[in-house]
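Chain letters run A, B, ... following the sequence lines, proteins first, then strands; residues in each count from 1.
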Amino acid sequence: MADITFTLPDLGEGLLDATVLEWLVAPGDFVERGAAMVEVETTKSTVELPSPRTGVIAALHVDEGGVAEVGSPLVSFAADDDQAGIVGTVPADEVPVRRVRLTIPED
Amino acid sequence: MAETLSMQAAINTALDEILTADDRALVFGEDVGTLGGVFRVTDGLAAKHGSDRVFDTPLAESAIIGMSIGLAIHGFRPIPEIQFDGFAYPAMNQLITQLARMTYRSRGALPMPVTLRLPSFGGIRAPEHHGESLEAIFAHVPGLKVAVPSNPSDAYSLLKQCVADPDPVIFMEPKSRYWHKAEFGQPAEAAARIEAELPIGVSRVVRPGRHVTLVAWGAMVARCIQVAELAAEDGVDVEVLDLRWLKPLDVAGISASVGHTRRAVVVHEAPLSAGLGAEISALITENCFDSLRAPVQRVAGFDVAYPAGPLEDHYIPSVDRILAAVQRTLEYRRG
């Protein structure tokens with residue numbers, strides 16, 4: 001298994017760090033991309049960060065009450081070795097839904 | 001039950017075997033060494049073959065291709081990777097004005113056995129510059145060959161053919177198919193069979209049919225097979241032709257297929273205007289004019305910059321857009 005790690009983004013204009021108030025996920029949790037993941041406080045505001053991907057949380061790198069610097073590891077997701085692409089998302093094998101039907105005209 | 005393998009693992013296997021068999025083969029690019037590639041395609045190769053044969057380069061695509069040319073002049077068989085299709089643009093000058101012309105310029109004295117591995121096309125919700133379809137640009141350049149696998153065993157065999165070839169080849173790997181697993185026989189057997197049956201420039205009918213030919217490459221082959229299965233529900237028998245090579249194009253193979261189905265739809269992800277669909281449509285018209293029962297249809301991306309992830313499904317040819325084109329060929333009556 002490989003981990004995919006996300007760092008703390010700059011949440012404002014040139015902010016240097018943020019304090020982790022509360023983790024809304026725990027290692028082992030399956031989270032959807034966009035779901036609320038963590039509440040952090042900066043010098044400007046308190047914000048809820050959404051999960052950057054869909055997957056299983058492997059590790060939280062900052063304890064509640066701890067300070068995360070911008071660019072330092074925040075959260076890691078577990079990824080299968082063959083699905084550890086860093087950019088993009090593995091497409092699902094879906095059965096396509098059709099609307100167009102074919103008719104063979106009479107000759 | 002036959003073994004299955006993903007395309008990413010199949011390419012990894014091919015690279016491993018190439019590096020083992022040929023001391024002159026080198027694999028390099030951004031993150032291909034220590035990391036093993038952003039799609040894991042070169043995973044483990046640096047550890048096995050050494051960091052002087054599988055290595056990371058600076059983020060400088062022009063230098064990656066320039067270095068490949070120099071290495072080829074000195075007898076190496078470079079297999080560079082440009083991490084994403086959108087980053088081939090900074091390398092275009094080296095690719096087009098140097099790599100593609102060196103053999104011609106030297107009157108054959110300097111073969112250029114360079115295989116550029118280029119993760120290509122869309123379908124993975126990637127950001128801008130990570131989902132382009134550059135095949136028409138490359139196919140337009142004299143001196144370059146262009147190969148596009150659609151499945152794991154073809155990726156394995158085609159890559160070996162490309163590396164063995166004395167000319168530069170752009171090997172466009174469809175990103176959205178990297179993880180899809182498919183049947184994969186014994187690698188050596190598959191390579192020997194492909195070499196014997198499908199030399200460079202030869203396409204393959206991946207699904208035979210009677211009523212209409214869908215011409216496709218890369219990820220669109222799987223989409224066209226889906227369309228063929230849906231069309232069968234309506235009693236329409238669709239043939240799917242996987243081109244595999246876009247330069248040279250398999251004129252004989254295309255003509256043979258359309259010659260018997262008498263209808264053709266070309267499907268590609270790249271924008272419509274001046275895309276390869278136009279070239280293939282023209283070839284069909286030139287070679288199959290008397291057989292055609294309808295004008296050749298094209299289903300393609302739109303003439304816009306490759307869209308952001310959430311819009312991708314509206315851009316890439318859908319089964320409905322392809323089915324509608326099939327219906328147009330069925331309905332057409334000479335005026």
Side-chain angles (χ1 to χ4, degrees), chain A residues 1-11 30-37 48-59 61 70-107, chain B residues 5-6 8-9 12 31 35-41 43-44 83-84 119 122-127 129-131 175-181 211-212 219 222-223 226-227 229-238 293 309 312-313 318-327 329-333:
Chain A
M1 296 288 276
D3 286 349
I4 298 171
T5 297
F6 290 88
T7 58
L8 179 71
D10 181 354
L11 300 168
F30 177 85
V31 294
E32 296 278 353
R33 179 179 176 149
M37 182 179 72
E48 209 171 65
L49 301 184
S51 172
R53 66 176 278 134
T54 299
V56 175
I57 303 285
H61 297 288
V70 169
S72 68
L74 181 67
V75 60
S76 293
F77 288 79
D80 290 340
D81 279 339
D82 64 347
Q83 300 201 349
I86 284 173
V87 178
T89 319
V90 178
D93 269 329
E94 288 170 350
V95 179
V97 179
R98 73 180 303 185
R99 284 179 291 121
V100 176
R101 306 297 306 199
L102 302 180
T103 51
I104 305 177
E106 301 288 326
D107 270 319
Chain B
L5 209 61
S6 66
Q8 135 213 82
N12 183 280
D31 297 324
L35 181 73
V38 294
F39 294 108
R40 323 302 301 163
V41 169
D43 195 24
Q83 196 165 67
F84 285 92
I124 64 161
R125 305 282 187 265
H129 304 134
H130 294 72
K175 287 174 223 120
S176 64
R177 303 301 292 174
Y178 269 141
W179 300 277
H180 182 82
K181 289 186 177 164
H211 292 138
V212 56
R223 176 76 33 106
Q226 288 177 330
V227 167
E229 285 162 4
L230 296 172
E233 296 172 3
D234 299 335
V236 175
D237 196 10
V238 171
R293 299 185 67 169
E312 229 174 19
D313 292 341
S318 63
V319 292
D320 275 337
R321 284 172 61 201
I322 301 167
L323 284 166
V326 168
Q327 182 64 34
T329 67
L330 294 172
E331 284 174 0
Y332 181 81
R333 289 291 177 275

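Using a 4.5 Å cut-off between heavy atoms, B:Phe84 touches chain A through its side chain atoms alone.
Between A:Leu102 and B:Leu323, the closest side-chain pair of non-hydrogen atoms falls below 4.5 Å.
For A:Arg33, the CZ atom sits in a loose shell: 12 or fewer heavy atoms of surrounding residues, nucleotides or ligands are nearer than 6.0 Å.
The CD1 atom of A:Ile104 lies 11.5 Å from the CD atom of B:Glu331; values are rounded to the nearest 0.5 Å.
Ranked by heavy-atom pairs shorter than 4.5 Å toward chain A, the options B:Val319, B:Val236, B:Leu230 are led by B:Leu230. Per-residue heavy-atom pair counts under 4.5 Å with chain A were compared for B:Arg223, B:Lys175, B:Gln226, and the maximum is reached by B:Gln226.
Taking every heavy atom of both residues into account, A:Pro91 and B:Ile124 meet most closely at CD-CG2, 4.1 Å. In plain terms, the two heavy atoms of B:Leu330 and A:Thr103 that are nearest each other are CD1-O, 4.0 Å.
Legend: residues meeting side-chain contact (heavy atoms from CB on, under 4.5 Å) with A:Phe6, ordered by chain and number and at least two apart, are A:Ile4, A:Pro52, A:Arg53, A:Val75, A:Phe77. Applying the salt bridge (charged side-chain N to carboxylate O under 4.0 Å, His left out) criterion to A:Arg98, with sequence neighbours excluded, gives B:Glu233, B:Asp234.
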